[in-house]
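Computed from a predicted structure; not experimentally measured. Letters go in sequence order (proteins before strands), and every chain restarts at 1. Both backbone and side-chain heavy atoms feed into the values below; hydrogens, waters and symmetry mates do not.
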Amino acid sequence: MATVDTTTTYSPDSKPVNYLTQSHGFLSWAMTLDHKRIGVMYLVATSVAFLLGGTFAILLRTELWAPGHTIVSHDTYNQLFTLHGAVMVFLFIIPGIPAALGNFMLPIMLGAKDVAFPRLNLASFYFWCVGALFFLSALLLTGLDTGWTFYTPYSTTEYNTSKDEAIIAATMGVFVLGFSSIFTGLNFLVTIHTMRPPGMGWFHMPLFLWATYSTALIQVLATPVLAITVLLIIVERLMGIGIFNPVYGGDPVLYQHFFWFYSHPAVYIMILPAFGVISELISVNCHRHIFGYRFIAYSSVAIALLGFLVWGHHMFTSGQSKIASVVFSAITFSIAIPSAVKIFNWLATMYKASISFNAPFLYALSFMFLFTIGGLTGLFLSTLNTDVHLHDTYFVVAHFHYVMVGGSLTAFFGGLFHWWPKISGKMYSEFPAKVSAFLVFIGFNLTFFPQFVMGTRGMPRRYYNYLPEFQSFHQWSTIGAYVLGLGAIVAFATLVHSMFRGKKAPTNPWGGASLEWQCPSPPPLENFHEAPTVGDCYDYDRLRYDEKTEGYVMTK
Amino acid sequence: MSDHAVAETTDAHASHGHGHHEHGPFQAHHFETPKQQFDAGKFGMWLFLVQEVLFFSGLFVFYAIYRINHPEIFEWGHQALDTTYGAINTIVLLFSSLTMAWAVRCAQLGKKNGLVFFLVVTLACAGIFLGVKYVEYSAKFEHGYLWARYFNPTSDNPHVAEPPSISKEVDKVVEKVESDLGDHSAAAHDAHSAEGHHHGPVGPPPPNAGVFFSIYFTMTGLHAIHVIAGIVAITWILVRSVKGHFGPMYFGPVDYVGLYWHLVDLVWIYLFPMLYLIE
């Protein structure tokens with residue numbers, strides 16, 4: 001690729017044109033095929049979903065301040081936790097990192113101009129929007145209270161026809177969102193397979209791409225099973241086919257198998273991209289070659305594959321056979337190995353490094369701390385006998401929030417701050433960003449650590465009412481949720497503020513060596529004015545700090 | 001990159017999405033070579049087919065679990081299906097796969113007339129398939145052989161009205177002898193059905209017999225939806241073929257739609273024995 005001609009790349013006053021200023025108007029965004037704009041639209045949309053789901057969480061926690069009625073009725077409470085879960089899982093965490101940050105970064109990290117199928121990419125985004133509309137209609141029109149898992153027989157009970165619209169709208173939403181996710185995954189797999197530049201072999205890719213690749217694999221292989229499952233729920237409700245209905249000899253537990261065959265791998269759809277982000281954050285901010293590159297890369301793929309074989313650990317108390325439970329328990333333990341491989345390699349990368357303690361790095365540190373707790377408490381739950389005690393208690397709630405929020409959300413924020421200069425072309429102010437990282441960390445632990453204690457003492461999840469002895473734990477948890485919410489607001493406010501007041505970002509503010517730090521901030525439509533040189537994406541010796549631009553430049 | 005290529009880029013980005021990624025200029029701006037574009041499209045289609053297989057897998061598990069837990073409803077229910085129609089549809093779909101493959105070959109060789117002809121034949125086969133399916137569905141509706149909640153075999157079917165009795169056992173023996181006399185191939189079933197007498201299930205339905213028809217309608221229904229999607233895709237290819245878009249340098253979309261059509265065919269190859277040819 002030669003230098004792009006000046007007449008198309010530069011406007012008359014010779015100010016560089018980037019993807020944000022390339023064209024204007026609503027349609028130039030709504031109909032764009034540019035992966036960067038689609039990524040930004042995803043970013044805005046998933047952030048709105050996050051704030052919506054977060055609002056539900058705040059209302060839930062406020063309700064639980066005291067036993068019995070506090071602010072909402074028990075029916076409203078059931079709807080709140082259902083929608084909190086469904087919105088957070090399907091609208092925010094699953095598309096959050098892959099579809100927003102991934103869409104923006106993946107082609108740039110490959111030195112490509114776009115993903116393999118730009119139109120499909122845009123279609124994925126609109127599928128997301130349609131799915132979100134279905135969810136919104138379930139929220140506004142009807143009372144959906146099945147929990148985000150839509151467990152049968154409750155979700156298929158025939159005589160309860162008043163719930164038809166709610167459940168059909170929500171499951172239809174899941175169906176459509178599923179295809180959004182499948183097409184994004186398909187697009188990424190094809191892009192990584194066919195569009196790597198000359199000189200970039202599989203083991204020269206940034207680890208974020210390995211993580212995205214593993215995620216995409218799960219998206220394509222697991223999501224269709226969810227799609228057919230929710231379709232069967234819809235058909236069951238509308239027509240009464242009896243698949244999950246004991247009245248016709250059907251099996252409600254079969255639904256759980258189907259559901260978790262997707263939804264357990266989906267947990268790795270949520271966390272694998274976060275691993276990828278953390279690998280980048282740690283290495284770049286330590287200015288040190290990532291330790292154990294191949295191990296981290298393989299561990300992502302191992303997690304993706306093992307993730308398909310553990311769904312039964314959600315069903316230890318669902319009447320599954322003992323043999324099946326033992327096997328699922330054993331395989332579940334084995335997932336701890338590739339996860340630990342990552343943690344130890346990150347620690348080894350940090351050892352004796354000269355670390356830049358900026359906001360993204362603080363988020364990465366907090367990720368390592370929280371994810372480790374989340375992962376280790378997972379071992380308690382994969383142990384059969386302790387799980388019987390802890391099943392469906394707040395211990396489980398705390399465990400998966402440590403992984404999903406402590407893991408994915410902090411990685412999302414960390415990655416967002418890390419790549420924000422590239423996305424927006426503006427530097428955010430470091431101080432409020434660090435404050436947000438601190439608030440999120442404190443607030444998060446305050447919210448969920450008491451829940452571990454409550455859970456071991458027998459507080460069941462999803463309960464509207466509770467015994468007075470749990471009140472102080474619930475109150476700590478509620479205060480924590482407010483602090484966490486404040487942290488998120490500070491983070492978003494910092495980013496929005498930077499768009500108007502931020503300093504112009506240099507090409508490479510942090511000293512990253514992967515390709516995205518070689519294109520201008522923000523990138524032009526074609527991403528690179530001239531073909532980037534593909535080198536070792538973790539070799540930081542090639543970089544030198546340049547006082548004038550306040551960024552790093554390549555020396556060789 | 002030349003001015004021309006940049007202009008094409010702008011065009012590619014300005015021309016708005018049609019909901020399908022292969023449409024548009026023959027080489028999309030972000031691919032370096034036509035081969036890269038073809039490989040990307042082909043790999044994408046294979047991944048889509050893998051996704052399709054997993055999408056159907058839920059229903060195959062549905063089938064397997066019921067078959068193991070309640071074999072009696074399969075023994076009873078499959079007799080309501082007309083093997084002749086099933087066999088005709090199998091042949092029609094297999095033939096359409098041949099014509100589709102032939103169409104792909106014509107596209108690769110740049111034979112526009114052949115391409116158009118074979119696509120039309122493929123479309124016609126798809127139409128015949130759906131027509132036969134319509135006749136079959138109508139018969140099921142007429143006799144009340146419906147899914148679980150609406151399963152209500154009509155009383156004008158003498159077999160169903162019968163209470164369990166010796167005569168039922170006799171019927172069963174007769175049936176067994178009949179089937180033992182013929183061999184078990186599809187052709188035998190054809191000949192058997194061709195005698196023209198009514199083929200209803202023998203004996204009263206076992207409990208939850210309707211679930212067999214739940215499985216029948218969900219599996220064949222989802223398959224029929226895929227046939228309809230195939231018709232839409234082939235029509236799109238046909239329109240582009242008439243416009244002369246395809247040739248030795250660019251035949252990707254024909255190839256991809258062909259792959260999809262073979263999968264639709266393949267699913268039916270499984271459905272036919274699983275639903276119609278069981279004993």
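No side-chain N or O of A:T156 forms a donor-acceptor pair with one of A:E236 less than 3.5 Å apart. No side-chain N or O of B:D39 forms a donor-acceptor pair with one of A:H193 less than 3.5 Å apart. No side-chain donor from either of B:Q36 and A:T194 sits under 3.5 Å from a side-chain acceptor of the other.
With a 4.5 Å cut-off on non-hydrogen atoms, B:I65 touches chain A through its side chain but not through its backbone. Proximity to chain B (any heavy atom under 4.5 Å) is shown, for A:A112, by neither the backbone nor the side chain. With a 4.5 Å cut-off on non-hydrogen atoms, A:L254 touches chain B through its side chain but not through its backbone. Residue B:I215 does not touch chain A at all, counting heavy-atom pairs closer than 4.5 Å. Interface residue B:Y66: only side-chain heavy atoms are found under 4.5 Å from chain A. Contact of A:L226 with chain B is not made at all, since no heavy-atom distance falls under 4.5 Å.
Contact count against chain A (heavy-atom pairs under 4.5 Å) is highest for B:F31 among B:F213, B:F151, B:F31. With chain A as partner, the option from B:N69, B:L222, B:L59 having the largest number of non-hydrogen pairs under 4.5 angstrom is B:L59. Among A:T191, A:N187, A:I243, the residue with the largest count of heavy-atom pairs under 4.5 Å with chain B is A:I243. Heavy-atom pairs under 4.5 Å with chain B were tallied for A:Y126, A:F261, A:F179; the largest tally goes to A:F179.
Note: B:F217 and B:F141 have perpendicular aromatic rings, judged against thresholds of 30 and 60 degrees for the angle between ring planes. Between A:Y213 and A:W202, the angle of the ring planes goes over 60°, which puts this pair in the perpendicular group of the 30/60° scheme.
The number of heavy-atom neighbours closer than 6.0 Å to OH of B:Y85, taken from other residues, nucleotides and ligands shown, is 12 or below. Within 6.0 Å of the CH2 atom in A:W29, the count of heavy atoms belonging to other residues, nucleotides or ligands exceeds 12.
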